[in-house]
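Following: one structure in structure tokens, then a few remarks.
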Amino acid sequence: MASPHSNTVPPNADGDDADRAGATSAHSAAVDVLLEVRDLHVAFGRHAVLRGLNLVVPRGQTLAVIGESGCGKSVLLKTMIGLIRPTQGQVCFDGRDLAGMSERQLTSTRVRYGYVFQQAALFDSMTVGQNVAFPLRQHSDRSDEEIEQRVLSRLAQVGLPASVAPKKPAELSGGMRKRVGLARALALDPELVLYDEPTTGLDPIMSDVINELIMRTRLSYPVTSIVVTHDMHTARKVADRVVMLYPLARLAEDEPQIIFDGPPSELDRSGDRRVSQFVKGEAGERISELRGA
Amino acid sequence: MANSASPSARKTAPNPAAVPQTGSGHDWLADLGALIVDATSAIGGFAIFSGRTLAWLATRFPRGDTLWPNFYQVGVLSLPVVALTGTFIGMVLAVQSYAQFRALGLETRLGAVINMSLVRELGPVLAATMLAGRVGSAMSAELGTMRVTEQIDALASMGANPIQHLVVPRLLACLFMIPTLVIMADFMGVVGGYFYSVVILGIDQHHYWRNSEQFVGNFDLFSGVFKSLFFGATIALVGCYRGFHCAAGAEGVGRAATAAFVISFVLILLLDLLLGIMLEALYAYIWPEGAKLF
Ligand SMILES: Nc1ncnc2c1ncn2[C@@H]1O[C@H](COP(=O)(O)OP(=O)(O)O)[C@@H](O)[C@H]1O
Ligand SMILES: [Mg+2]
């Protein structure tokens, strides 16, 4: 289990997946846990979004979090990096609770994360090059030439030519912006990368390019990734484990919010109607809500 | 709060038991309660925000390359409009005061009145108002857009502190530039007042200046500039706070910008009153028999 990604294992080779997912839930003490979420509750005022989530993410795993819009996937990601404070429960990164950290400790912990935002969230007052250089300038004392070299190689990695570096983010297409966001998130070789809907709003070809980039990153070093998505194609292609969240508003008091946890190959075999409807993209009984009131 | 019977509802209805649970008096009370809770938490939030900004200001002074663009925005680009409005205010003061002072036969005192009002009150308040409108709302809109497009989250996720990166340089720019703007407004106001009084109304130049000199002292100039530092800090902190706590969407950004102006304007006038009282007391303490206008 030490480094499952040192060789080029296809991520959705079935047997491998089943073993790995089984290992995480059954013997979590034996594996090297990078991120652990314990009894997590998040609410905004009276509006509860997450309730009693438990999740153990071993080092090297690529976890896809799926679920319909508004079910709290982005909130979960932001809680995982400490941008949102849980109302109850803990988020532990490498064994340490984020809530117990001082500002300085949180800063040095966040350097070990990469966050790919849904709309890229590039600083629009800076050029593309300055955006990718930002984490490098912030956390390393490399010389300007070294930083420039690194920026260009990061951009090349995501398939962008050096000529985009002096442009402003507003001049780029959505797919290019997403890739710049990816290059920026990966600039410092993070241990954990959080992707918020990396393929949403992109054409099918660009979506596949992004999927490929997520997989390549994982093959190049033993990174742990959490990919929030509602794109089943992405979930099946890049993940070795899938977790499905369900909106709290549609659940009874005592029902768990995670309605599926397993390898992507199990998704089709799930007996839960809510899971199979999501996977197949069928509205089911939701149709009746259209005529409601 | 939800279950407490409203006294006003009981007074208007003959039978208390007949008052429906959701009567208008009840809603009114609940709304007031919610408003008080919101206002308290907003004031608390603003205080914490300001405290953290000052703490960051004390720990690490920002780098020049993040400061200069803000200084340019706040200082250089505001100068023309402050100079222009200053000139007009000086002239308007001359127009408005002339008739009354002539009726008393005190035309030459006009210089003292115009210049005193300018240096003490109108220069600082005018410069602050222009700054709140030009810079405060722009800060709030810019940071609000950054909040809505998750750029502030991105900053934090890369281990950079958003307050240190975004708020501290803006606060410093306002603090350092507002005295310059006040002096510019004072100067142009004095020029405008002089122009209208002496050149247009034909008041004796020599006495106009002698009266000004006699009544307007260094303390008046100092008190104007001193107050303006508080105005500048208010503009930057309110603008940034509203931007940081911007509601989602284009509407949220627009509302943040408007609110930033309205709130800082009200606070500027409130501070002007409080600081005015304080400075008056200070003046009376230092110079017990100081010169007064009349
Ligand atoms: N900062 C916030 N303040 C209040 N409510 C929020 C905030 N962020 C998210 N929410 C609410 O949390 C719910 C989940 O949002 P989100 O995590 O963005 O959903 P998604 O699964 O589509 O990413 C939504 O109902 C949203 O309105
Ligand atoms: Mg989302």
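Throughout, protein chains are lettered first and strands after them, A, B, ... in sequence-line order, and every chain is numbered starting at 1. The structure presented is a predicted model; accordingly, all values stated were derived computationally and were not measured. No hydrogens, no waters, no symmetry mates; every other heavy atom, side chains included, goes into these values.
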Practice task
Give a yes or no answer on whether the side chain of Gln151(B) reaches the backbone of Asp124(A) with a donor-acceptor pair at less than 3.5 Å.
Solution key: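 Yes; judged by distance alone, with no hydrogens or angles, the pair exists.
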Answer yes or no: are there more than 12 heavy-atom neighbours, outside [X] itself, under 6.0 Å from its atom [atom1]?
| X | atom1 | result |
| --- | --- | --- |
| Glu148(A) | CD | no |
| Phe71(B) | CZ | yes |
| Asp65(B) | CG | yes |
| Phe46(B) | CZ | yes |

Problem - Closest approach of Gly159(B) to His139(A) (non-hydrogen atoms, all atoms of both residues) - result: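 Here Gly159(B) and His139(A) meet closest at O-CE1, 3.6 Å.
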Practice task
For residues Ala154(B) and Ala121(A), report the shortest heavy-atom separation together with the two atoms involved.
Solution key: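 Reported closest heavy-atom pair: CB-O, 3.8 Å.
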Problem - Student check: side-chain heavy atoms of Glu103(A) and Arg52(B) closer than 4.5 Å - result: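 Yes. Closest side-chain heavy atoms under 4.5 Å.
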Practice task
Would you indicate whether the side-chain heavy atoms of Leu155(B) and Phe134(A) approach each other to under 4.5 Å?
Solution key: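 Of all side-chain heavy-atom pairs linking Leu155(B) with Phe134(A), at least one is under 4.5 Å.
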Problem - With Glu150(B), the side-chain hydrogen bond (donor to acceptor under 3.5 Å, both in side chains) member among Lys78(A), Gln118(A), Gln119(A) - result: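 It is Lys78(A), the one option of Lys78(A), Gln118(A), Gln119(A) that forms the side-chain hydrogen bond (donor to acceptor under 3.5 Å, both in side chains) with Glu150(B).
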Exercise for the section: Would you confirm whether the ring centroid of Phe123(A) sits within less than 6.0 angstrom of the ring centroid of His165(B)? Expected result: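 No; Phe123(A) has its ring centre 6.0 Å or more from that of His165(B).
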Handout entry: Atom pair CZ/CE of Arg184(A) and Met158(B) - distance to nearest 0.5 Å
Key =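 Going from the CZ atom of Arg184(A) to the CE atom of Met158(B) covers 3.5 Å.
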Exercise for the section: Could you tell me the separation between the CG atom of Asp153(B) and the CG atom of Leu77(A), rounded to the nearest 0.5 Å? Expected result: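 One gets 11.5 Å once the value is rounded to the nearest 0.5 Å.
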Practice task
Examine whether an atom of Ser157(B) lies under 4.5 Å from a heavy atom of chain A, and if so say whether it belongs to the side chain, the backbone or both; otherwise answer neither.
Solution key: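 Interface part for Ser157(B): both.
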Handout entry: chain B contact via Leu122(A) - side chain, backbone, both or neither, heavy atoms under 4.5 Å
Key =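 For Leu122(A), backbone heavy atoms alone lie under 4.5 Å from chain B.
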